[in-house]
Amino acid sequence: MQTTKFPGIFESQVGRKRILLTKNFVKGKKVYDEYLHTEGPIEYREWNASKSKLCAAILKNINQIGIKPGDIVLYLGASSGTTPSHVSDIVGSEGFVFGLDFAPRVVRDLVFLAKDRKNLAPILADANKPETYADRISTVDVVYMDIAQKNQTEIFLKNCNLFLKPDGYALLAIKARSIDVTKRPSIIFEEVRRLLEREMKLIDYKTLDPFQLDHMMFICKKK
Amino acid sequence: MATKYLFTNLLGSFVFDEQFKVVDSIKFSSFDEYNDSNKRQQTEQKLTSVHNPKFTTQQLLEKPNSKILQQILPYFKSKDNFSNFYSQNMALTASLIKQAVNEDDFIIQAINNIEEIDKVANTLSKRLREWYELYNPEFSRSIESHEMFVELILSKTKQELLKEIKHDENLLGADIKKQDLEPMLNLGRSIHELYSLKQKHTEYLENLMDTYCKNVKAIAGALIGAKLLEHAKSLKHLAALPSSTIQILGAEKALFRHIKTGARSPKYGVLISHPFVSRAKQKDRGKIARALANKLALAAKVDYYKGEFIGDKLRAEIDKKFS
């Protein structure tokens with residue numbers, strides 16, 4: 001097990017494959033069907049790149065992810081908690097994750113996940129209406145968004161504007177297919193980039209193939 | 001007088017001065033104090049009477065004031081707050097999930113279950129027929145409906161069944177010992193059980209649709225209506241859909257193929273199983289589906305906004321056109 005340049009994230013070589021791992025926040029418990037690796041007293045959870053866009057972005061050598069131990073993270077589009085569980089691993093007991101999703105069905109899973117993880121608060125709300133959940137969260141160090149909505153860039157900027165601290169990092173996973181199926185993904189990414197650069201400082205962006213098709217991860221910093 | 005802001009969130013009620021420092025606060029000790037609007041108002045009232053704030057929580061949450069809210073929220077980003085954020089959010093989310101369950105969910109689960117029972121019963125019936133044909137192939141060949149087949153082989157003997165289909169002789173069926181016959185009849189009983197379960201669920205669905213969206217049901221019938229609702233995810237969303245979308249609900253794959261590659265557009269989705277559409281000639285189906293979708297869009301809106309029953313009128317208009 002070796003450390004990566006991102007604190008809280010570890011890597012290992014399995015055959016010719018490079019895999020990422022995070023320290024398991026709840027020892028002995030799996031969240032989805034990931035593998036657990038034990039080394040000495042510490043247990044690690046393998047991070048599946050085809051299930052998590054954040055993991056895919058790191059494997060594609062994105063130069064910054066912004067999330068580090070002790071951070072407060074607003075996670076929009078938490079779904080049933082696959083990636084949020086790893087974010088919760090990374091920020092550890094000093095940090096905190098607000099996991100937000102719109103669908104009651106998946107937030108139910110998230111509540112069960114949060115029962116074990118005291119650093120993850122499940123929130124049922126619509127990310128498009130920040131004012132409806134502004135009284136449930138605080139300002140955060142990092143905003144991470146992965147929702148499949150047509151106006152996801154607009155939603156992202158709205159949330160960063162209200163909840164992200166100055167100089168805080170913000171990550172945006174874009175699914176080209178959910179913005180417009182007919183347009184070429186590269187054109188959509190170009191449009192998103194232009195929108196982001198208007199209000200944020202763009203740091204890096206990476207396409208996520210072969211792990212996820214027609215996806216791109218953007219990382220930016222609040223001006 | 002200095003401007004003051006009153007902001008109530010999950011943690012408590014706070015008064016900020018114009019430097020956005022907290023001057024006074026009352027913290028909630030339980031979820032109930034936040035959730036119960038009476039108690040919350042009392043708390044806010046206590047602070048309001050002392051400090052007379054210029055902005056209340058309600059005003060701060062409105063869009064034009066987001067600049068002020070931006071200055072207030074950093075106060076809560078402190079380590080001591082997170083265990084409270086955790087427990088209050090857990091309680092709030094749990095109660096929101098609890099409230100979110102409604103008839104939409106029941107209808108969607110019921111229609112999905114009816115379809116699944118159908119699938120399972122079909123698979124098992126095919127196996128039963130294969131099995132039973134060792135014993136009495138003539139009878140199995142003579143009857144098409146699985147449901148009838150299962151019912152008859154359970155209630156009558158081989159001789160009676162052969163007489164019924166006027167086959168005097170059993171040429172191909174083997175004589176099977178009782179102990180070998182019993183397992184296949186057991187399977188038959190289970191399948192029979194499945195069909196009666198499906199019957200019960202269909203009745204339940206009919207009742208549900210009758211109370212929840214009777215206009216949609218009057219035009220499309222309980223099963224198709226429920227399928228439309230399943231594709232739209234909720235009656236609220238179905239009521240918001242234009243009729244052109246309702247027309248092709250269930251044909252998403254064909255629709256996206258059409259958008260992407262320019263292939264022919266789909267003319268109908270789940271509406272294909274509606275008798276008007278399925279009975280019509282190929283070239284008329286699209287038109288009939290469009291007319292049906294028109295009326296369904298009206299019906300869904302009336303259902304969602306709890307209007308009067310106009311399903312029979314709408315139905316009569318289509319009946320006049322197509323039958």
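Labels below follow one simple rule: chain letters A, B, ... track the order of the sequence lines, proteins then strands, and each chain is numbered from 1.
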*Kindly write out the residues that satisfy ring pair (Phe, Tyr, Trp, His ring centres under 6.0 Å) with A:Tyr133, not counting sequence neighbours, or none if the list is empty.*
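Ring pair (Phe, Tyr, Trp, His ring centres under 6.0 Å) list for A:Tyr133, sorted by chain: A:Phe163.
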
[X], [atom1] atom: more than 12 neighbouring heavy atoms under 6.0 Å:
X: A:Phe112; atom1: CZ; value: no
X: A:Lys5; atom1: NZ; value: yes
X: B:Lys200; atom1: NZ; value: no
X: B:Glu252; atom1: CD; value: yes

*Got a second to check how far B:Ser83's OG is from A:Asn119's CG, nearest 0.5 Å?*
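B:Ser83 OG to A:Asn119 CG: 12.0 Å, rounded to 0.5 Å.
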
*Find the distance between CZ (A:Arg136) and CZ (B:Phe76) and round it off to the nearest 0.5 Å.*
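Interatomic distance, A:Arg136 CZ to B:Phe76 CZ, rounded to 0.5 Å: 15.0 Å.
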
Given a strict heavy-atom distance threshold of 4.5 Å, which part of [X] is in contact with chain B: side chain, backbone, both, or neither?
X: A:Ile72; answer: side chain
X: A:Leu164; answer: neither
X: A:Arg117; answer: backbone

*Report the C-alpha distance between B:Tyr75 and A:Thr139 in whole Å, list the side-chain angles of each, state the deciding distance to 0.1 Å, and finish with yes or no for side-chain contact (heavy atoms from CB on, under 4.5 Å).*
CA-CA 8 Å; B:Tyr75 169 75; A:Thr139 299; over 6 Å; no

*Of all heavy-atom pairs between A:Ile123 and B:Thr93, which one has the smallest distance, and what is that distance?*
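Scanning both residues completely, I find the closest heavy atoms to be CA-OG1, 3.6 Å.
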
4.5 Å side-chain heavy-atom contact, [X] and [Y]:
X: A:Glu94; Y: B:Lys79; value: yes
X: B:Met90; Y: A:Pro122; value: yes
X: A:Ser138; Y: B:Leu73; value: no

Region of [X] in contact with chain A, defined by heavy-atom distances below 4.5 Å:
X: B:Phe7; value: side chain
X: B:Thr261; value: neither
X: B:Phe82; value: both
X: B:Leu92; value: side chain

*asked:* With a 3.5 Å distance limit and no angle check, can you tell me whether B:Tyr86 reaches the backbone of A:Ala114 through a side-chain donor-acceptor pair?
replied: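 Yes; at least one donor-acceptor contact below 3.5 Å.
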
*Are the side chain of A:Thr182 and the backbone of B:Ile259 linked by a donor-acceptor contact shorter than 3.5 Å?*
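Flag not set: sc A:Thr182 to bb B:Ile259 has no pair under 3.5 Å.
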
_For the residue pair B:Tyr34 / A:Asp135, report whether a side-chain donor-acceptor contact shorter than 3.5 Å exists._
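Yes.
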
*Under 4.5 Å, counting heavy-atom pairs only, tell me which of A:Lys115, A:Lys158, A:Arg108, A:Lys118 racks up the most with chain B.*
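Of the candidates given, the most pairs with chain B belong to A:Lys118.
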
_Top contributor to chain B interface from A:Val140, A:Leu162, A:Ile137, A:Leu110 [non-hydrogen pairs under 4.5 Å]_ =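 The answer is A:Leu162.
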
*B:Leu69 and A:Glu131: side-chain contact (heavy atoms from CB on, under 4.5 Å), yes or no, with the steps?*
CA-CA 10 Å; B:Leu69 196 57; A:Glu131 63 279 359; 6.0 Å; no

_Residues of residues 200-223 of chain A within contact distance of chain B, non-hydrogen under 4.5 Å_ =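 Within residues 200-223 of chain A, near chain B: nothing under 4.5 Å.
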
*Answer yes or no: is there an ion pair linking B:Asp105 with A:Arg105, defined by an N-O contact shorter than 4.0 Å?*
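So B:Asp105 does not pair with A:Arg105 through a salt bridge.
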
